[in-house]
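Reading through the structure tokens given below for one structure.
Residue numbers start at 1 and run along the sequence shown.
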Amino acid sequence: MWKFPGGLSEPGEDIGDTAVREVFEETGIKSEFRSLLSIRQQHTNPGAFGKSDMYIICRLKPYSFTINFCQHECLRCEWMDLNDLVKTENTTPITSRVARLLLYGYREGFDKIDLTMEELPAVYTGLFYKLYHKELPENYKTMPGMN
């Protein structure tokens, strides 16, 4: 079955950093986090150590294209055209759906599908958090009388 690279976050590791690390570990491809695409929530997942499982799909920008995959984690690894991935039956339901989502974003604009990340100050002095959301139009970011 074809699937996207993935794995568990390290304690304290941000979502985008996890995606970049896992893609590199499994494929040898260097990349940069661009956006969050989707979240799958599943309860009673056998591989989730008795916890609810959140599987987060990110969109990355590759900086290298030569695959050097980890044979301990993958049987096969290759670049695949989204049109072909959408049509294949040899994939997981989440991979098929995300391939369609990516194809839609590629054709119509990623602004229609991306959840972007914005770092904002926390209520605790000196701390920050990352908020993932659809991009706000510029006029809503700078509305007079609103912060």
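Side-chain contact between Q42 and M54: absent, with no pair of heavy atoms (C-beta onward) separated by less than 4.5 Å.
To the nearest 0.5 angstrom, C74 atom SG is 9.5 Å from I67 atom CD1. Here NZ of K134 is found 9.0 Å from OG of S35. Values are rounded to the nearest 0.5 Å. Separating the CG atom in L115 from the OH atom in Y132 is a distance of 10.0 Å, to the nearest 0.5 Å. Rounding to the nearest 0.5 Å places SG of C58 at 5.0 Å from CZ of F33.
Here M80 sits in one hydrophobic cluster together with W2, F4, L37, Y55, I57, L82, L85, V86, I94, V98, L101, L102, L103, Y104, Y106, F110, I113; the rule is ILVMFWY side chains under 4.5 Å apart, joined directly or through other members.
For the pair T27 (side chain) and I29 (backbone), a donor-acceptor distance under 3.5 Å is present. With T92 contributing its side chain and K3 its backbone, the two residues share no donor-acceptor pair below 3.5 Å. Checked by atom type and distance alone, the side chain of E25 never pairs as donor or acceptor with a backbone atom of E22 at under 3.5 Å.
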Side-chain donor-acceptor pairs of residues 117-130 under 3.5 Å, sequence neighbours excluded:
| unit_1 | atom_1 | unit_2 | atom_2 | d |
| --- | --- | --- | --- | --- |
| E118 | OE1 | H133 | NE2 | 2.9 |
| K130 | NZ | D14 | OD2 | 2.4 |

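The aromatic rings of F65 and W79 are tilted relative to each other, their planes meeting at an angle between 30° and 60°.
Remark: the T88 side chain and the T91 side chain contain no N/O donor-acceptor pair separated by less than 3.5 Å.
Between E13 and L8, the shortest heavy-atom contact is OE1-O, 4.4 Å. Between T18 and G7, the closest heavy-atom pair is CG2-O, 4.1 Å. In plain terms, the two heavy atoms of S64 and K30 that are nearest each other are OG-N, 2.8 Å.
Around atom CG of L131, more than 12 heavy atoms belonging to other residues, nucleotides or ligands sit under 6.0 Å away. Annotation for R21: atom CZ counts as buried by contact number, over 12 foreign heavy atoms lying within 6.0 Å. With a 6.0 Å radius and a threshold of 12 heavy atoms from other residues, nucleotides or ligands, E78 has its CD atom above the threshold.
Classification of R34 and D114 as a salt-bridged pair fails, no side-chain N sitting under 4.0 Å from a carboxylate O.
Screening residues 100-113 for salt bridge (Lys or Arg N to Asp or Glu O under 4.0 Å) gives no qualifying pairs among residues at least two apart or on separate chains.
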